[in-house]
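Let me begin by presenting the structure, written as structure tokens, before commenting on it.
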Amino acid sequence: MLKLMILKELKSIISSPKFAATFGACSILILLSIFIGINEYQENVKAYDTASQLNNQRLAESLSWHGMSNQIFRKPQVMQILVSGVQNDIGRLSSVGRYEGIKLRRSSYSDDPIFAVFRFIDFAFITQVALSLLAILFTYDAINGERERGTLKLTFANAVPRAKYILAKFLGSTLGLVIPLLIPILIGILLMLLYRVPITGEDWIKISVLLLTSILFFVFFIAAGLMVSAMTRRSSTSFMILLVAWVTMVLIVPRAGVMLAGQLVTIPSVAEIESQQAAYEQSAWDAHYDKMEEARIARRQQMANMTPAEKEAFEEDNMWGWMEEEEASRKKIQGEISDHNKKLNEDHRNRRSEQERLGFSLSRFSPASAYQLACMTLANTNIMLKNSYEDALNQYRDGFLAFTSRKQEENEGTSGIRISIDSETGFSFSGSRGIESLDLSEIPRFDVPRQTLSTIANSTILDVGILLFYTIAAFALGFFAFLRYDVR
Amino acid sequence: MNETLSQIDGSGRQESMLVAAHLSKRYEDGVLALDDLSLAVAPGEIYAMLGGNGAGKTTTINLFLNFIDPTSGQAIVDGIVTHEEPLTARQKIAYVSENVMLYTNFTALQNLDYFARLGGQNDYSKEEYRTALLRVGLQEEAHGKRLRDFSKGMRQKCGIAIAILKDAPAILLDEPTSGLDPKAGLEFISLLDDLRSEGKAILMSTHDIFRAKQIANTIGIMNEGKLVMQKTTEELRGENLEELYVNYMVSGMAVAS
Ligand SMILES: Nc1ncnc2c1ncn2[C@@H]1O[C@H](COP(=O)(O)OP(=O)(O)O)[C@@H](O)[C@H]1O
Ligand SMILES: [Mg+2]
């Protein structure tokens, strides 16, 4: 009997007039988004390759190890095709060199603002917005619609257990809606293979988990539709309730959560931080120059009663010491400034991640946010992408600078010493370039920050758990509501 | 209940298939829709409940199907108290509701197939579905059409066909002739006659006095939840049912004989 009722549910979904229209539209939407995603990805890969090549050329032409700066580009990821996340908002490259800090610049949207106007629509977005609506559209009248049509009475004039009926409704709607939707999705993935997107084994795992999470999210709305339908007498009422709930869950709560967190945990803007840093720097250097000036005045006073010959001898004796003193002070202040900046940045980042955590926790009241966060984590296009790249870049910078310094020292042995004077570092010594060009083969390579599957699992399990909880809760509530439903 | 049963058994008739024993129903809003109703329908018998709107006819039928629980008393189908074992009781009941709607995206044949299987009949052939539809007067060309294009009468015929196909010993009909044109009404009367000959116990509600008199073995007049008159057609012979009905309707206080 369960099979009979599930089959009937399947048939009635597929034979309903709204089926053809809505599924046609959703299929086109899904296929189009994957197709555009593939194009975008390939374009990113091309840009990445060209830029890397250019950078290598530039390095090959550089004259000395000293002051060499490298450019690192953010590597395109396969999963961004399905979940673009913040990928287009974050800068795509950063310079790595002695005189500049790590900063990701030139995001896709900052280079081509037109795309920011109508943001990239990806599979995750379609699921979140369009498919959830679709699930509601097919389930809002699942129970009360049958009551209105009198078929519920006719059904329960037979020896049909209620539990079986609602279970059949749930399974039938799920199968009837999920299976047709899998077709465009699978075609989309086929399209990825056809366009030779290099999908690794890890990517396949991620794609599968993404698909399962999306199905779970979709099934939540089926369960919610059934639940509301089993709690109301009229389909017009349940439709209104579900529409309001949808707007709340999909459009309001995610934003409200983040906004509320912004109110609760305030963080200074980047500009504020920068001006604070500038002010500190300014005062530190001012103090340094004052001190130098004082030392000079003291020296002059010391030399006031000396004869010119004595003066010259005195200066000659102490010149080196004074210079070293000055250099030491300069180094010390540089260190202090750098420490201070680091601390400010770290504070800023900590507060920001505190705000993010709170915002995400609040917005997780909506399954739509939980779904979105899970997708972005899976695709590695979430808010952590920026931090993880910056961390990796900072680490790389240390290695890179150590390497260039070592190279520079090695070269000192073979060629003459050249003293260069630089406004910031003061005196520095570097080997002059020989005729032969630099051997770049030993330059440290940048390791693309990657999440291990276990970290992905750890960070998605919460959101998937939330989705699962909501789905089970909605189904259970609908189930028990229906056991007491008045079929007349 | 024993009183009702023994009364009937004592009168030498066959044991009843459908029994209402002091059945009362007070809805949540306080309306006493049914007040101590007792009636019995034996196999091979048609019982017509006559009464105006709100008399309690649908409530009675809903109690037999256990769509609602009785406030007191029992509805019994083939010895089974419906609110105690609703699933078993429902196996023995075929039902045609007041406004048959069915699944409008399915064809008549698909609807018949689904509900026949729900009713436990898995072995019907397409031909048997067609025969049932022809028997209730639905022309051949409509069998494969979706119900969304059907008139109220055509849907009613499908509903009746579904009830026939269930082949249950008891049949509950809630105003079955309301959507039918005169010709279909006549066909329906002869169909009921056939079903009676097959030994079905039929309880129908109607406010069509003419049809009730034409087909029923027993007629009960209901008013405000009470059975105010119950007579067999033999007892009614020579009496003017219309007059009786109107009298009982106007003076609801009149006592049943
Ligand atoms: N669900 C309900 N809640 C409250 N009152 C109801 C309900 N259903 C029917 N009634 C009332 O019970 C009485 C009998 O109704 P019903 O059995 O439908 O009469 P009939 O079928 O003879 O027209 C009417 O007064 C009606 O208003
Ligand atoms: Mg009625």
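This is a predicted model, so every value here is computed, not measured. Within every chain, numbering begins at 1; the chains are lettered A, B, ... in the order of the sequence lines, protein sequences first and strands thereafter.
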Review point. With a 4.5 Å heavy-atom cut-off, do B/Y114 and A/K11 have their side chains touching?
Key: no
Exercise for review: Evaluate the side-chain proximity of A/P17 to B/R148: yes if any heavy-atom separation is below 4.5 Å, no if none is.
Suggested key: yes
Is it true that atom [atom1] of [X] has more than 12 heavy atoms of other residues, nucleotides or ligands lying nearer than 6.0 Å?
X: A/K18; atom1: NZ; answer: yes
X: B/D123; atom1: CG; answer: no
X: A/R234; atom1: CZ; answer: no
X: B/Y124; atom1: OH; answer: yes
X: A/F469; atom1: CZ; answer: no

Point to revise | Proximal component of A/R488, with respect to chain B [non-hydrogen, under 4.5 Å] | key: side chain
Practice item. Give, as side chain, backbone, both or neither, the part of A/V487 having an atom under 4.5 angstrom from any heavy atom of chain B. Key: side chain
Find the distance between [atom1] ([X]) and [atom2] ([Y]) and round it off to the nearest 0.5 Å.
X: B/I61; Y: A/K153; atom1: CD1; atom2: NZ; value: 9.5 Å
X: B/Y103; Y: A/R149; atom1: OH; atom2: CZ; value: 7.0 Å
X: B/Y95; Y: A/L154; atom1: OH; atom2: CG; value: 7.5 Å
X: B/R117; Y: A/M5; atom1: CZ; atom2: CE; value: 14.0 Å

Check your understanding: Side chain of B/R90, backbone of A/F156: donor and acceptor closer than 3.5 Å?
Key -> yes
**Study point:** When A/K8, A/M1, A/E148 are compared by non-hydrogen pairs under 4.5 Å with chain B, the top option
**Key:** A/K8
Chain A interface, residue from [options] that has the most non-hydrogen pairs under 4.5 Å:
options: B/I93, B/L102, B/N66; answer: B/L102
options: B/L65, B/N62, B/N99; answer: B/N62
options: B/G159, B/A94, B/G119, B/A168; answer: B/G119

Review point. Is it true that the side chains of A/N158 and B/K166 contain a donor and an acceptor less than 3.5 Å apart?
Key: yes
For [X] and [Y], which heavy atoms make the closest approach, and how far apart are they?
X: A/S15; Y: B/F106; value: OG-CE2, 3.7 Å
X: B/L87; Y: A/A159; value: O-CB, 3.3 Å
X: A/L4; Y: B/L118; value: CD2-N, 3.6 Å
X: A/D486; Y: B/F67; value: OD1-O, 4.2 Å

Practice item. Go through the atoms of B/L172 and report whether side chain, backbone, both or neither lie under 4.5 Å from a heavy atom of chain A. Key: neither
